[in-house]
Each structure stands twice: as structure tokens, then as C-alpha cells.
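These notes concern the structure reproduced below.
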Amino acid sequence: MSDKYDVIIIGAGPGGYVAAIKAAQLGLKTACVESWTSEEDGKQVLGGTCLNVGCIPSKALLEISHKYEEANLHFAEQGLEINDLKVNVGKMMERKLSVVKQLTGGIAGLFKANGVKSLHGHGRLLANRQVEVTDQNDKKTVYEADNVIIATGSDPIEIPPAPLKKGMIVDSEGALEFDEVPKRVGVIGAGIIGLELGSVWNRLGSEVTMLEALDTFLPAVDQQIAKETLKHFKKQGLNIELKSRVTGTSIEGDEITVKYEDAKGQQELKVDKLIVAVGRRPHTKNLLAEDSGVKLDERGFIFVDDICKTEAPGVWAVGDVVRGPMLAHKASEEGIMVAERIAGHKPQVNYDCIPNVIYTHPEVAWVGKTEEELKSEGEAYNVGTFPFAANGRALAANSAAGMVKIIADAKTDRILGFHVVGPQGSELVAQGVIAMEFGSSSEDLALTCFAHPTLSESVHEAALGVHDGAVHIANKKKKK
Ligand code: FAD
Ligand code: NAD
């Protein structure tokens, strides 16, 4: 077999491994280079950030900690009595690892089944679509391809006032590995990672304080939804301090002192663990030879056009390493688009219909425009909202916090934004994504029959509410 491929992919996260499987399914001779190596046995690890230290392990801990919180705080009010409920962090971590291993092993199986050649080592793009792979023994091999897809992902940002210290000042990866429930946890950044991982440890009993530099909570989220969310997080005991910029940290024994500035001046916070969750940056370290032809943009992302083409012919890039939201499903959609384009098809990713989810409880999920965006664009719109407090299924499940909010164009009634804070928001938002992909109006959803009793009836009612027709709440008269 020659070392020339139709496609070589660098990186086996949800962007790279999905592109590799799709390319092979389309009949292309495909190889995927991945450098991740297991500390346990030195073997290659597939799945990238998402499966190993991101989406999956965080969701495993969110699910387990939510069950604990339910049992600990809310079973008794529903007539269930438990005596001796305990947290066993070791067992919890074992469970998390077994889910991760099952999924990463599954990718290896899919590569085999589809005939993707897996290359273990560090990939570097040379000129003319040549890829140099350096293996564990520093042996370099150069492969050639007609097309190269870069899918090397991202790394957590470190900030000078809070340098990482193993087991004490940690990034998201370290925060998924505490071996006991810390008494006091500090989090720098009240973004998605901060809220999800802060919630895990708060539910398990830590006192959690989050320091957020901005004065607006979740600025990318519709602010009616963000305000409702903040109210519930505060009730849960998450202490979220806005307008608080961290200026320094020091460690003495087992205690971390965090210095920060807020509206009142210099403040100090003492914690046992500190999670730094201030964003992620594209991973391009030792990736591009000077003559590779690939350019970076001003923020260090690989520069691509709207179909993920770089400036070098035959070289594409997808996922966290390029512009756009850093989300696993966005990476995978781009990977599929590029594989199909290489095979001669003409698909396009619809960047207007990518859902976002924060997997807290209640879950926050949205697709499309917020009211703030539409206002700033000068668009006229109508809004329908429906609270889960008026939804029978949510009440029966003892999970009635939050609402569904649908925003539709005032003239055409086309749905422009779909927002949820509430139970199963991550699942409900798919209805908004499908509706928007199909160009639906709010009336289309209002005319649809939804099963009773379901959380989805809140989607129906919010759609009815766009034209003041909700049945199970009193409709407010809209100002003309
Ligand atoms: P990655 O998954 O980062 O994969 C890149 C791969 O490339 C890695 O395996 C890396 O080892 C490899 N690599 C890099 N350079 C080289 C090289 N030169 N040679 C060979 N291999 C190389 N997103 C969601 O949509 N939903 C979630 O619930 C969610 N939760 C998250 C929770 C956490 C704690 C974190 C940190 C992230 C989360 N994300 C979530 C974001 C998600 O993980 C990323 O958007 C996604 O992994 C990006 O996929 P990717 O393929 O672009 O990159
Ligand atoms: P983020 O951008 O969501 O939040 C970082 C927060 O840190 C911001 O609010 C920022 O204002 C704040 N911040 C920055 N510097 C600060 C400082 N010095 N002091 C105090 N606050 C500061 O980033 P993240 O939470 O690290 O997540 C990174 C990426 O990972 C996100 O873009 C997201 O797309 C992805 N992710 C997605 C999911 C999901 O889909 N559920 C989950 C986790 C991560």
C-alpha cells in the first residue's frame, strides 16, 4: 500500500474523526493522525477534547451530581425517604472513565469498520499537502494526500494572575478529576465551563464562588432567559460575582488566596480549589511548516472561508481551530461538509441554526437570535413565552423552573430565535432547530399537535403566545 491518501486528517476529535469516517464512507482513501497517548498504556487515544476531557466526562459528572442533588434535597418533598445517602467520588470517577472508554473505543472500532487508517503521532503540515508524522520514538514519516483536513481543536487559556498548580489551581481537565468534594471552590469565569463544573461541585456540597469580569451575566444569551437563569443558580447556592476581575493568586499550604477587584475595590477570596475557566484558544502548536501556505487570522485561528477552505489549495480546517462557536456538533458538521465537498458534493453548514446548550439544571438552550440582537439590528418581531410552572408534566416531575421563548419576525412570522431555560432544554431546543431549518413560522408550530402531558407542550404554548393565543396562561396585551 502506498503512503499516498485521498485525505489525511490531523486530529481525531469530533471534527476530525467524523470527517474521517464520512470520507471513508464516500470511498476516499483516508488516514487520521492523532497524537493523544494514554498515560496508562502508551496507546493512542481517539475522540479529542470532547470525548476525553470535555463534553462526555463533564456530562457524566453533571448527570450523577444532579441525581445526588435530587435525592439529597428534593426526594423527601416527593415522599421518598433515604437514610444514609453518601457521595463516593472515587466510584463516580470510575463511572465517568468507563463511559469515556466505551466511547473512545467505539471510534477505534468505527475507524476499523470503515477502513480509516489511524496514524499515532504528531502531525505537521508541510508544503504541497504533505503531512509529517512524528511517532512516540521520534521517528518521522512523511505522507502525501490530495486533501488535508486540519482538526487540531483548542486548549484552555491560562492567565498570568492564576498559573495552574496541579490539584489546586486547575483548568477544566483538572476540575473533572478532584478525588474528594472540596469544601470551598473558586471559579474564574462564569461562562459555560465555569457554570457546568461549578454546578457539579456545588451540588456535591462545595461552597462555590464564581468571579466573572463582565458586568452582564451570559451576554450571548437572550437577557430575559439569562436573568431567569441567574435567579435559579442563586437559589441553588452558586455565588456568582459579576464585575470581578482576578488580579493575583497565592498558595499557602492547602489554601489558595484569590485577589480580585470589584466595584468596591480590592477583595480576597480563600478557597481549597480554584478552577480557571476563562475561554479556550485554537491549537496550532508546531502544526504548520513555514511554507505550508496556511494562514492564521488575527486571533490565531486558522483562516478559512465559509466552506472551511484555507488559503492553501486542497487544505481545509474545521472545528475549534477555526472561527465560530467552539462546539462539538459544529466541528462535526464542518467535518462532514468538507468530506462531502472533497467527494464532489456541494453541502453547506447553516451557521444560523447551530444550537447552544449549557447543561446546568435548569438547562439553558437556544438557537437563532436573541431579542437584544434583533433590537440592535432594528428588526420588528413578536415574542411568545410560556413558563414550565404552567406545564403539567414539568410540575409532575417536580422540575418546573424556567420557560420557553419564541421570537418571530413581525411581518413574515418566520421563527428567528428559540430559547429555553428549563428541564430538558437540550432536547427541546432541537424542535427550534428543526423548525428554523425548515423556515417555519410560529403559526406552523402553533398548528402542530403535541402529546400530552409533555414538556414540549410548552413549545406549543409559546408558539401560540407569539400571537397572544396561549391557552394555559393569561396572555398579556401587547403594546402596539
Ligand atoms: P478536539 O476535540 O480538541 O480534538 C482535536 C484533536 O486533535 C485532539 O485529540 C488533539 O490531541 C489532536 N491534535 C492536536 N494537534 C495535533 C497534531 N499536530 N497532530 C496530531 N493530533 C493533534 N461542546 C459541545 O458541543 N457540547 C458540550 O457539552 C461540551 N462540553 C465541553 C466541556 C468541557 C469541559 C470542554 C473543555 C469542552 C466542551 N465542549 C462541548 C467543547 C468541545 O469539546 C469542542 O468544541 C470539541 O471537542 C471541538 O472538536 P475538535 O475536533 O475541533 O477538537
Ligand atoms: P467562555 O468564553 O464561555 O467563558 C469564559 C468567561 O470567563 C467569560 O464570561 C469571560 O468574561 C470570563 N473571564 C475571562 N477572563 C477573566 C478574568 N481574568 N477574570 C474573571 N473572568 C474572566 O469560556 P469557557 O467557559 O472557558 O468555555 C470555552 C469554550 O468551550 C466555550 O466557548 C464553549 O463553546 C465550549 N464549551 C461548550 C460547552 C457546551 O456546549 N455545553 C461546555 C463547555 C465548554
Side-chain angles (χ1 to χ4, degrees), residues 9-19 32-37 44-59 61-62 104 119-125 131-134 149-157 159-162 171-173 175-176 187-198 210-220 241-247 258 260-261 275-288 317-322 324-332 334-335 354-360 363-365 426:
I9 293 139
I10 308 177
Y17 87 75
V18 169
C32 185
V33 189
E34 173 57 61
S35 55
W36 202 312
T37 305
Q44 186 187 39
V45 178
L46 303 175
T49 302
C50 171
L51 270 70
N52 292 286
V53 293
C55 324
I56 298 303
S58 62
K59 265 75 253 179
L61 294 186
L62 278 157
T104 51
L119 303 170
H120 187 186
H122 177 90
R124 185 161 168 266
L125 181 71
V131 177
E132 175 193 82
V133 179
T134 308
I149 307 174
I150 298 170
T152 49
S154 62
D155 300 310
I157 292 176
I159 49 171
D171 58 18
S172 55
E173 189 173 341
L176 293 164
V187 184
I188 310 181
I192 307 188
I193 292 183
L195 289 168
E196 289 188 354
L197 297 183
M210 308 184 62
L211 302 172
E212 167 58 53
L214 299 177
D215 53 4
T216 306
F217 179 60
L218 292 176
E241 304 279 352
L242 299 175
K243 246 181 157 171
S244 300
R245 180 170 290 280
V246 172
T247 52
V258 186
Y260 65 97
E261 257 172 34
I275 304 172
V276 183
V278 294
R280 296 178 65 83
R281 62 162 60 101
H283 181 95
T284 53
K285 197 173 163 198
N286 193 19
L287 174 69
L288 304 169
V318 303
D320 280 13
V321 79
V322 304
M326 288 182 165
L327 298 171
H329 42 282
K330 175 262 192 184
S332 298
E334 289 181 333
I354 294 175
N356 293 269
V357 180
I358 308 175
Y359 292 83
T360 44
E363 289 183 340
V364 185
S426 54

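All of these numbers come straight from a predicted model, not from anything done at the bench. Atoms within a ligand are numbered from 1 in the order they appear, just like the ligands themselves. Numbers here simply count residues along the sequence, with the first being 1. All values below were derived from every heavy atom in this structure, side-chain atoms included, with hydrogens, water molecules and symmetry-related copies excluded.
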Report the member of [options] with the shortest heavy-atom distance to [atom].
{"atom": "atom 36 (C) of ligand 1", "options": "Glu196, Arg280, His122", "result": "Arg280"}
{"atom": "atom 42 (C) of ligand 1", "options": "Pro355, Cys55, Gly54", "result": "Cys55"}
{"atom": "atom 34 (C) of ligand 1", "options": "Leu119, Leu46, Val53", "result": "Val53"}

Does ligand 1 have a heavy atom under 4.0 Å from the side chain of Lys285, from its backbone, from both, or from neither?
neither
Applying salt bridge (charged side-chain N to carboxylate O under 4.0 Å, His left out), can you list everything that pairs with Arg124, at least two apart in sequence or on another chain?
Glu132
Can you check whether Trp36 reaches Val53 side chain to side chain, under 4.5 Å on heavy atoms?
yes
Decide yes or no for Leu62 and Tyr359: does some side-chain heavy atom of the first lie under 4.5 Å from some side-chain heavy atom of the second?
yes
Thr104, Leu46, Leu176 screened by side chain to side chain contact (heavy atoms under 4.5 Å, CB included) with Asn52, the one that passes
Thr104
Under 4.0 Å from a heavy atom of [X]: give me the atoms of ligand 2 that qualify, with their elements.
{"X": "Met326", "answer": "33 (C), 34 (O), 35 (C)"}
{"X": "Ser244", "answer": "20 (C)"}
{"X": "Ile159", "answer": "18 (N)"}
{"X": "Tyr359", "answer": "41 (N)"}

With respect to Ile193, determine whether any N or O atom, backbone or side chain, lies less than 3.5 Å from an N or O atom of ligand 1.
no
Kindly confirm or rule out an N or O of Gly15 lying under 3.5 angstrom from an N or O of ligand 1.
yes
Going by the rule side-chain hydrogen bond (donor to acceptor under 3.5 Å, both in side chains), which residues pair with Glu334 if we only count those two or more places apart in sequence or in a different chain?
Arg323, Lys330, Tyr351
Can you pull out the closest protein heavy atom to atom 23 (O) of ligand 2? Residue, atom name and distance to 0.1 Å, please.
Gly279 CA, 3.3 Å
How far is atom 3 (O) of ligand 1 from the closest protein heavy atom, and which atom is that?
Thr49 OG1, 2.6 Å
Using modelled atom types and a 3.5 Å cut-off, is there a donor and acceptor pairing between side-chain atoms of Thr152 and backbone atoms of Gly11?
no
Short N/O distance, under 3.5 Å, between Leu327 and ligand 2?
no
Just checking, any donor-acceptor pair under 3.5 angstrom between side chains of Thr247 and Glu261?
no
Against ligand 1, does Lys59 come closer than 4.0 Å with any heavy atom?
yes
